[in-house]
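Written out below as structure tokens is the structure these notes cover.
It should be emphasised that the depicted structure is a prediction, and the values quoted were computed from it without experimental measurement. Heavy-atom basis, side chains included; hydrogens, waters and symmetry copies ignored. In what follows, chains are A, B, ... by sequence order, proteins preceding strands, each numbered from 1.
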2 protein chains.
Amino acid sequence: MKDTVINEKNVKIPLYVAAYETISQWLKDGKYKAGDKLPGENILAEQLQVSRGTLRQAMLLLQEDGLIINHQGKGNIVLSNQDMSKSGLERIGNPIVDFCSEPVDRVVTTIGFQPATQKHQQVLKLRPSSVVAVIDITYYSGDTPAGFSMVYMPHEVLDNSNVDLEDTDTVYRYYTELLETSGLYSDTKIRLGQARERLANILHIQEGEPLLLLEEVLYTEYDTPVLSQKLFFGPDQHELSIRRKNDRNIIKKSEQ
Amino acid sequence: MKDTVINEKNVKIPLYVAAYETISQWLKDGKYKAGDKLPGENILAEQLQVSRGTLRQAMLLLQEDGLIINHQGKGNIVLSNQDMSKSGLERIGNPIVDFCSEPVDRVVTTIGFQPATQKHQQVLKLRPSSVVAVIDITYYSGDTPAGFSMVYMPHEVLDNSNVDLEDTDTVYRYYTELLETSGLYSDTKIRLGQARERLANILHIQEGEPLLLLEEVLYTEYDTPVLSQKLFFGPDQHELSIRRKNDRNIIKKSEQ
DNA sequence: TCGTATTTGTACGTATGTATT
DNA sequence: AAATACATACGTACAAATACG
């Protein structure tokens, strides 16, 4: 009881996160609605029994979530009490599933292994002796193919995970969990592509038909490549949502 | 000299921003290279003559820029000394210009006015009596059309800006400056589209040809709609780059 | 229009917790 | 086990923007 940490379901979280979650819940509950001004920071801090500095850390998190904005002299204004959980392409997820107009209810996963090609050696920072797992995933809405992806993963990544490579469902589950790793980031490119023969067969479309195509490499926060993948979106089924943003920091772009 | 602010080119900036810019410059200059560990926060704070708390605010900015990562117990590690200035689609800019394979060297702007349609009234939060400016912009790389955009802007937005509506260059310049407004955010959708007759003429392509298409509404940080626009990307000339990211916050998604 | 009060922003110092080496 | 380094937390003080009488 000396000072700082708190239990909630046997895990301890920082006070400022607890404060963030409390206020977050207030907004969800409609205690404060869009446009309302929150009580002053001193008052909130006292109510939550934390220092003002700690409370301000919580406010920062709320801002990052787009739930409030604050302005010097005015106060902290509620922007939205929506459940902003559905995030766009700016967050890592599975776009084929997330943005499909029909729910994706079935996936077919296959896995194989091959030596790292030169390109893989480059983008995944591998040695020539490395092996990469090739995971092909086909997504279906009912019987309609909704998309297809080719995932290349260094063998070491899979190796550290105790995944049963015979069980393709487990492989797919491991893949989706991997995408939720905290601190992950990507270099992603989106462009227009065409269905070649193999892809046309998989997606049940004409050869040469135009497709949305996403190609990316995922890295850990330490810049270690985790996987590279290429996603093909079924035609007329996907619309990619993004929240674009300008910084609020008014940092002068240095001369130099 | 009492305490906190500093002049640099007759503007005063917070100490933590100054610290951020100093360290930023160190990285650009190669004083610390990718993979290096920065000196400890106490040492840095003393070198820069600020408190550790202030220095940590600077470190936060450096992290947001992706220049460093820090890990408890280990230290602050340099990720990159690149000039990470080229930002992707996750930041607001002009994607037709930013992602064109050939430099866009010419734009043709036209402007007109019309009563707000029902759709405009909804997305731009206007009254039926409102007027919207319709700004059409065609982008060229040399003589090749690179893209086309239709921008709908409430008349009030333009009205507050003293733009000479006769001078279309000024209108375009105002539009690009508007995109740099700090705190701006968007709801953006990307999908596959087809060139209809008018667009096919403008972009010098076949009618029905597939196109990348971006549709979005921009809002101020106060949730006031600023403009809605639809961008058409010339075929085979654009590849959209995005940096996707997972939060480093390990915030449990609340049950509820 | 002009102060004054309120509210957030910046900054310092200090203490202690926790992860890594 | 000890030293090092970042993370969290509190308290205090003043600056700066805004709101209000």
Let me know the distance between [atom1] of [X] and [atom2] of [N], rounded to the nearest Å.
X: B/Leu61; N: C/dG9; atom1: CG; atom2: C1'; answer: 14 Å
X: A/Ile69; N: D/dT18; atom1: CD1; atom2: P; answer: 12 Å
X: B/Gln72; N: C/dT16; atom1: CD; atom2: P; answer: 17 Å
X: A/Lys12; N: C/dA19; atom1: NZ; atom2: P; answer: 7 Å

Per A/Leu15 side chain, nearest of listed nucleotides C/dT8, D/dT18, D/dC10: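 Looking only at heavy atoms from C-beta outward on A/Leu15, the closest nucleotide is D/dC10.
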
Side chain of A/His71 (C-beta onward), nearest among D/dT18, C/dT20, C/dA11: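 Selected nucleotide: D/dT18.
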
Note: A/Glu221-B/Lys74 ion pair, threshold 4.0 Å (strictly below):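 Answer for the salt bridge query: no.
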
Pair B/Lys245 + A/Glu64, salt bridge at N-O below 4.0 Å: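 Answer for the salt bridge query: no.
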
Non-hydrogen side-chain atoms of A/Pro95 and A/Glu216 separated by less than 4.5 Å: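 Side chain of A/Pro95 against side chain of A/Glu216, heavy atoms only: no contact under 4.5 Å found.
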
Check: A/Leu89 main-chain N/O paired with B/Arg244 side-chain donor or acceptor under 3.5 Å: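 Flag set: sc B/Arg244 to bb A/Leu89 pair under 3.5 Å.
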
OP1 or OP2 of D/dC6 under 4.0 Å from side-chain N/O of B/Arg56: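 For B/Arg56, the contact criterion (side-chain N or O under 4.0 Å from OP1 or OP2 of D/dC6) is not met.
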
Heavy-atom closest pair, residues B/Leu184 and B/Leu218: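 In terms of heavy atoms, the two residues are closest at CD2-CD1, 4.1 Å.
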
A/Glu46 atom CD, neighbour heavy-atom count above 12 within 6.0 Å: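 No, CD of A/Glu46 has 12 or fewer neighbouring heavy atoms, counting only those of other groups under 6.0 Å.
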
Assigned partner base of D/dC20, Watson-Crick or wobble definition, under 3.5 Å: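 Pairing partner, where one exists within any strand: C/dG3.
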
Residues within residues 36-55 of chain A bordering DNA chain C, heavy-atom distance below 4.0 Å: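 Hits under 4.0 Å, by residue number: A/Gly40, A/Glu41, A/Asn42, A/Arg52.
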
